[in-house]
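Below you'll find the structure, written out as C-alpha cells, and then a few comments.
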Amino acid sequence: MSVSVLSPSRLLGGVSGILQVTSLLILLLLLIKAAQLYLHRQWLLKALQQFPCPPSHWLFGHIQEFQHDQELQRIQERVKTFPSACPYWIWGGKVRVQLYDPDYMKVILGRSDPKSHGSYRFLAPWIGYGLLLLNGQTWFQHRRMLTPAFHYDILKPYVGLMADSVRVMLDKWEELLGQDSPLEVFQHVSLMTLDTIMKCAFSHQGSIQVDRPSDPTEEGSTTEGGGAGEDQEEEALGFSGHPPLGQRAPGLPRPCWCSGWTCFRNHLDQMPYTTMCIKEALRLYPPVPGIGRELSTPVTFPDGRSLPKGIMVFLSIYGLHHNPKVWPNPEVFDPSRFAPGSAQHSHAFLPFSGGSRNCIGKQFAMNELKVATALTLLRFELLPDPTRIPIPMARLVLKSKNGIHLHLRRLPNPCEDRDQL
C-alpha cells in the first residue's frame with residue numbers, strides 16, 4: 001500500500017525541512033550582522049586612534065565604570081588624565097567622544113551639526129518638536145521668531161511675577177520653621193519655578209504652590225528628594241563646599257523685604273556679588289551636564305587631531321567647568337573668578353550652552369535666580385545639613401541624589417524693628 005501524501009511522516013519531514021532552512025537563514029543573518037558590527041568597530045577604532053582612553057571591554061565598553069551614579073567622578077578623572085577629549089564606549093559598536101577643552105568645544109559649537117537623536121528622541125512624545133529637538137532651517141525659523149520675546153527689556157515686567165512666586169515659597173518655609181529637622185527644598189523650589197513659568201508663559205492666575213496639597217515627605221523629612229525638573233537655585237544655596245549664605249556685610253543696613261520686588265526691580269544688573277555667586281554655583285553644578293552632537297562633516301581641532309563624519313561627540317559642560325587647566329582649584333567655590341575686571345573665561349563658562357544654539361531663556365533664568373536668591377537671603381540664613389550633603393548625579397539634567405536639606409533661620413525684618421521704635 002502506498003503512503004499517502006498527507007501521512008504524519010511526510011508532514012513531519014516537511015516541517016523539519018522548513019525549520020532547517022529557517023535556522024540556516026537566521027544563522028546567516030546573524031553572521032552578516034556580526035561581520036557588520038566587527039567592521040564598524042574596526043572603523044571606529046581606526047577613526048579614534050588619535051584619542052586615547054582607558055581600556056574598554058569589547059562588548060560592554062566602559063559601561064561598567066559608570067555604574068552606581070559615578071559618571072561625574074569618572075569624568076573628572078578623565079579630564080585630568082586625557083587632555084581635551086576622551087572616547088567613551090557605550091558598548092562594543094557604539095562610542096561617543098567626550099570633549100571638555102574650551103577650544104575643542106568652540107569648534108563644535110561654531111558648526112551646525114544636528115543633535116544626537118539617540119539622546120533626545122525619547123523626549124519627543126513629551127515635549128514635541130520645538131527649539132530643543134528641531135534642526136536645520138526649521139529650527140532657525142522658530143528661533144528667529146521667538147528671540148524678540150526674550151529681550152532684556154521685554155523680561156523686566158516678569159520680575160514682579162517671579163517675586164510673587166518666591167514670596168509664596170518663603171511664606172511656606174516660615175510655617176515650617178517650627179520643625180526640628182532640616183527642610184528639604186528641592187520640591188519647594190521646583191514648584192516655585194513651575195509657578196513662575198505658568199504665570200509668565202501662560203498667564204496663570206492662581207498659584208501652583210498653594211493649590212497643590214502639602215506632602216509631609218517633602219517638608220523636612222528624611223526622604224530623599226526628587227521630582228521632575230531641575231532648578232539652579234538649590235545649586236547656589238546648598239551643595240557641599242559652599243560658604244554659609246545670608247550673612248550681610250558689617251556696617252550695611254539690611255533692606256526691608258516686606259516691600260517685595262520693588263526694592264530691586266530696576267537693579268538686577270547692579271547686584272555684582274550675588275551675580276558672582278550665582279555664576280560660580282552654575283560653574284560647579286551646571287544645570288545640563290552635557291550636550292550630544294552627531295558630526296555631519298569631518299572636523300579638525302586646533303591641535304591637528306580630527307574626527308570623521310558620523311561620530312557622536314558629547315560636549316561635557318561639567319567636565320569643562322571642572323577642567324583644572326582652565327579653572328585653578330576647580331572644586332573650590334570661589335566667586336572672585338567672576339569679579340568685574342577679572343579674566344572671565346567666557347569661552348569656558350557654558351551653563352546655558354553656547355554658539356547659535358545657546359539657551360534662549362538664559363536671561364529669564366538669570367533674572368529668576370537673582371530674584372529668588374535676593375528675596376530668600378533677605379528673610380533667611382541658610383546652612384547645609386552636614387549629615388546629608390547633596391550628592392550630584394547626572395541625568396538629563398544635574399540633580400541631587402539625596403535631595404537638598406537646609407537649616408533655616410529667620411532673619412529680623414527691619415520694618416518690624418522700626419515699628420517698635
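Keep in mind that this is a model prediction, so the values were computed, not measured.
Judged by distance alone, with hydrogens and angles left aside, the side-chain atoms of Arg78 form a donor-acceptor pair with the main-chain N or O of Pro87 at under 3.5 Å.
Partners of Arg283 by salt bridge (charged side-chain N to carboxylate O under 4.0 Å, His left out), not counting sequence neighbours, listed by chain and number: Glu280. Applying the side-chain hydrogen bond (donor to acceptor under 3.5 Å, both in side chains) criterion to Asp113, with sequence neighbours excluded, gives Arg111, Ser296. Under the rule for a side-chain hydrogen bond (donor to acceptor under 3.5 Å, both in side chains), Glu294 has no partner lying at least two apart in sequence or in another chain. With sequence neighbours excluded, the residues forming a salt bridge (charged side-chain N to carboxylate O under 4.0 Å, His left out) with Arg409 are Glu381, listed by chain and number. In this structure, the side-chain hydrogen bond (donor to acceptor under 3.5 Å, both in side chains) partners of Ser336, at least two apart in sequence or on a different chain, are Asp334. Partners of Arg395 under the salt bridge (charged side-chain N to carboxylate O under 4.0 Å, His left out) rule, at least two apart in sequence or in another chain, are Asp69. Scored by the salt bridge (charged side-chain N to carboxylate O under 4.0 Å, His left out) test, Arg74 finds Glu77 as partners (sequence neighbours excluded). Applying the ring-ring contact (aromatic ring centres under 6.0 Å, His included) test to Phe60 and every residue at least two apart in sequence or in another chain returns His57.
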Return all side-chain donor-acceptor pairs below 3.5 angstrom for residues 305-315, not counting sequence neighbours, or 'none' if the list is empty.
unit_1: Arg305; atom_1: NE; unit_2: Tyr104; atom_2: OH; d: 3.0
unit_1: Arg305; atom_1: NE; unit_2: Asp303; atom_2: OD2; d: 3.3
unit_1: Arg305; atom_1: NH1; unit_2: Gln50; atom_2: O; d: 3.0
unit_1: Arg305; atom_1: NH2; unit_2: Pro83; atom_2: O; d: 3.3
unit_1: Arg305; atom_1: NH2; unit_2: Tyr104; atom_2: OH; d: 3.1

For a quick test of your reading: what N or O donor-acceptor pairs under 3.5 Å do the side chains of residues 18-30 make, sequence neighbours left out?
unit_1: Thr22; atom_1: OG1; unit_2: Ile18; atom_2: O; d: 2.8
unit_1: Ser23; atom_1: OG; unit_2: Leu19; atom_2: O; d: 2.8

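Side chains of Arg337 and Asn329: no donor on one and acceptor on the other come within 3.5 Å. Under 3.5 Å, the side chains of Ser400 and Asn402 contain a donor-acceptor pair of N or O atoms.
The stretch residues 129-153 participates, sequence neighbours left out, in no salt bridge (charged side-chain N to carboxylate O under 4.0 Å, His left out) pair at all. The side-chain hydrogen bond (donor to acceptor under 3.5 Å, both in side chains) pairs that include a residue from residues 33-48 number zero, where partners must be two or more places apart or lie in different chains.
Ionic pairing of Asp103 and Lys106 is not present here: no N-O contact between side-chain nitrogen and carboxylate oxygen is shorter than 4.0 angstrom.
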